[in-house]
Amino acid sequence: MAEARDESGEVRARLARPGLEVAPTLLGWTLSHTTEHGTVTVRLTEVEAYMGEDDPASHAHRGPTARNAVMFGPAGHLYTYLSYGVHWCSNVVTGEDGRASAVLLRAGRVVEGASLARHRRGGRVKDAALARGPGCLGQALGLHRGHNGMDLLGAGPLRLRPTPDLPPSHVASGHRVGVRLAHDVPWRFWVDGDPTVSAYRRSPRVRP
DNA sequence: ACGCCGATTCTC
DNA sequence: AGAATCGGCGTC
């Protein structure tokens, strides 16, 4: 028990750093969600860093609100928000307690529970596309508002597990997708050449 | 109270 | 290229 606690404490310490530092190291980590219907596990292939109050594209840019409160809390918890009134997007909270910082989970490879993930996604979806895109990843894992604030490192239904860092040559970086403000910083990271990574799309709202 | 806009995705 | 759709936040 002490070993398990020490291990999760060590992982939380790694997450309690600025999102930009944490984001590339999360590639390859797995996130599992277990329900009465089974477990779906995703291996992360694409993430984006959001740096809180200093980052105009972050939901925390204007300080704490009811929506973004979780981002100001301790690292290793889940921050979910509704995008365009349609999609639930998931973030891993990073940084020190009291400082807002998070990593948006943009895509992953489903490595467990593919049939359940496909059922949630509805219809015939190619394996590589089951969790491609932040909304799809959340849907494949069955994540929504009810999971906002949940600990990813405890005994609950959500579990984030680390893997050794990928070789730097396998990690690519570039502009964040779909953001209007601060769209030109290379804070998106993905596994180079992986078919489960989403296509880059510049926000139509970016000013020319 | 009201209106705009978004860390998107699917279909036409 | 455009619709769908809801919550947060700024403004009236």
Side-chain angles (χ1 to χ4, degrees), chain A residues 15 18-24 26-27 31 42 44-73 75 77-95 99-108 110 117-149 152 172-190 195-208:
Chain A
L15 296 175
L20 184 55
E21 254 177 71
V22 174
L26 288 185
L27 294 175
L31 177 60
V42 158
L44 300 175
T45 57
E46 182 188 356
V47 298
E48 278 177 1
Y50 285 86
M51 292 295 279
E53 298 184 82
D54 299 329
D55 178 0
S58 170
H59 288 171
H61 179 225
R62 295 172 194 274
T65 65
R67 174 173 69 157
N68 65 28
V70 171
M71 261 200 284
F72 286 83
H77 290 247
L78 191 74
Y79 167 53
T80 60
Y81 69 91
L82 184 62
S83 175
Y84 288 84
V86 184
H87 313 281
W88 288 97
C89 297
S90 297
N91 302 248
V92 175
V93 174
T94 59
R99 296 287 304 269
S101 179
V103 175
L104 172 67
L105 308 181
R106 288 200 49 91
V110 174
R118 180 170 282 103
H119 178 257
R120 286 182 177 139
R121 292 273 281 110
R124 36 185 193 279
V125 182
K126 280 190 273 189
D127 280 358
L130 281 174
R132 181 162 61 200
C136 296
L137 180 143
Q139 192 175 23
L141 281 168
L143 300 177
H144 49 77
R145 183 214 309 276
H147 300 97
N148 190 37
L152 300 172
S173 67
H175 295 172
R176 293 182 290 188
V177 176
V179 299
R180 179 172 68 90
L181 301 167
H183 66 279
D184 53 347
V185 292
W187 291 358
R188 171 177 176 241
F189 302 91
W190 64 93
T196 65
V197 172
S198 71
Y200 174 71
R201 276 218 192 82
R202 179 175 158 136
S203 168
R205 281 176 286 274
V206 170
R207 298 170 204 273

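Heavy-atom basis, side chains included; hydrogens, waters and symmetry copies ignored. Here is the naming used below: chain letters follow the sequence lines, and residue numbers restart at 1 for every chain. What you see is a predicted model, and the numbers here were worked out from it, not measured in a lab.
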*Closest to the A/Arg62 side chain: B/dA7, B/dC10, C/dG10?*
C/dG10

*Could you state the OH-C1' distance from A/Tyr79 to C/dG8, rounded to the nearest angstrom?*
9 Å

*State the pairing partner of C/dG10; accept Watson-Crick or G-U wobble contacts with both distances under 3.5 Å, and report none otherwise.*
B/dC2

*Among A/Met51, A/Met71, A/Glu21, whose side chain to side chain contact (heavy atoms under 4.5 Å, CB included) with A/Ser101 holds?*
A/Met51

*Check each of A/Leu104, A/Thr80, A/Leu137 against A/Cys89 using the side chain to side chain contact (heavy atoms under 4.5 Å, CB included) test, and report the only one that passes.*
A/Leu104

*Given C/dG8, B/dA7, C/dT5, the nucleotide with the shortest approach to the side chain of A/Thr65*: C/dG8

_For a quick test of reading the model: is some side-chain N or O of A/Arg145 closer than 4.0 Å to OP1 or OP2 of C/dG7?_
yes

*asked:* Counting only heavy atoms from other residues, nucleotides and ligands, does the tally under 6.0 Å from CZ of A/Arg118 exceed 12?
replied: yes

_Given B/dA7, C/dC9, B/dC10, the nucleotide with the shortest approach to the side chain of A/Met71_ = B/dA7

*Nearest-angstrom distance from the residue atom NE2 of A/His144 to P of C/dG7*: 14 Å

_Minimum-distance nucleotide (side-chain atoms of A/Arg121 versus B/dC10, B/dA7, B/dT9)_ = B/dC10

*Check every atom of B/dT8, B/dA7, B/dC10 against the side chain of A/Ser83 and return the nucleotide holding the closest atom.*
B/dT8

*Stacking check A/Tyr50 vs B/dA7 (5.5 Å / 30 deg)*: yes

*Does B/dA7 have OP1 or OP2 sitting under 4.0 Å from an N or O in the side chain of A/Arg188?*
no

*Select one nucleotide: of B/dT8, C/dC6, B/dA7, the one nearest the side-chain heavy atoms of A/Leu82.*
C/dC6

*asked:* Nearest whole Å is fine: how far is B/dA7 P from A/His175 NE2?
replied: 17 Å

*Round to a whole Å and report the spacing from NE2 of A/His87 to P of C/dG7.*
15 Å

*asked:* Measure CG/A/Asp55 against P/B/dA7 and give the value in whole Å, please.
replied: 10 Å

*asked:* Rounded to whole Å, please give me the gap between NE2 in A/His59 and P in C/dG8.
replied: 11 Å

*What is the minimum heavy-atom distance between A/Ala182 and A/Asp55, and which atoms define it?*
CB-OD1, 4.1 Å

_Expressed as a whole number of angstroms, how long is the span from A/Leu130:CG to B/dC10:P?_
11 Å

*asked:* Do A/Arg176 and A/Tyr50 have side chains that approach each other closer than 4.5 Å (heavy atoms only, starting at C-beta)?
replied: yes

*Look at all strands and tell whether A/Arg176 reaches a base, only sugar-phosphate, or nothing, counting heavy atoms closer than 4.0 Å.*
nothing

*Round to a whole Å and report the spacing from OH of A/Tyr81 to P of B/dC5.*
18 Å

